[in-house]
Chemist: 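Here's a structure for you.
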Amino acid sequence: MAISDRVVRELNLQLNREIYSAYLYLSMAAYFESVGLRGFSKWMKVQWREELMHAMKFFDYIASRGGRVELYAIEAPPKDWKSPLDAFEFALAHEKEVTKRISNLVELAIAEKDHATFNMLQWFVNEQVEEEQSFEEVVLKLKLAGNDTRAILFLDSELGKREVSAENESSGALQD
Ligand code: FEO
């Protein structure tokens, strides 16, 4: 069954939002660099790569179904946050919004009886559980740390150990 124009349009919009997510986290990486928290910045740079991988999954899927990939303008992300906690709470709210959008896409695939798109989206349904969890974990730790500079610096060195996931590394999406 051919993919519908409506589904292609919505998938292209999501591709755009994934690139926006990448952009948002790169902006957060810049913010963390500016306040001397290079571990937090590294964590966000890894997240930027993850989001680009998400975008490429939509790109490749649309193309594989014979749809036309369209690239829309990318909104400029915010630049400053009040604190690391403020940034991570902003990011967590953003991820919850992404989860809603993925759910809406799933609903559309069901309504259109587009089983292939439904199937592809299941990866994102699972991924969003992990995404919310990983941001939430940092939010909770930052709340525990409060204004304790030593705790924040300890967290900074912990978060700096994050590496690009094996799937992202091997997906080839960013190397083509
Ligand atoms: Fe692409 Fe962070 O969800």
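Everything numeric in this text was worked out from a predicted model, so none of it was measured. Counting starts at 1 for both ligands and their atoms, following the listed order.
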Chemist: With sequence neighbours excluded, what pairs up with Phe59 under the ring pair (Phe, Tyr, Trp, His ring centres under 6.0 Å) test?
Modeler: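 Scan of Phe59 (ring pair (Phe, Tyr, Trp, His ring centres under 6.0 Å), adjacent residues dropped) gives none.
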Chemist: Is the Phe32 ring parallel, tilted or perpendicular to the Phe40 ring (thresholds 30°, 60°)?
Modeler: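 Correct class here is parallel.
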Chemist: Restricting to under 2.8 Å, identify the protein N, O or S atoms around atom 2 (Fe) of ligand 1 as residue plus atom.
Modeler: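 Glu51 OE2, Glu95 OE1, Glu95 OE2, Glu131 OE2, with waters left out.
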Chemist: Can you name the one residue among Phe135, Tyr20, Trp48 that meets ring pair (Phe, Tyr, Trp, His ring centres under 6.0 Å) with Tyr25?
Modeler: Phe135
Chemist: Can you name the residues that form a salt bridge (charged side-chain N to carboxylate O under 4.0 Å, His left out) with Glu112, not counting sequence neighbours?
Modeler: none
Chemist: Enumerate the ring-ring contact (aromatic ring centres under 6.0 Å, His included) contacts for residues 144-167, please, sequence neighbours excluded, ordered by first and then second residue.
Modeler: none
Chemist: Between Trp43 and Phe88, is the gap from one ring center to the other below 6.0 Å?
Modeler: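 Centroid separation for Trp43 and Phe88: below 6.0 Å.
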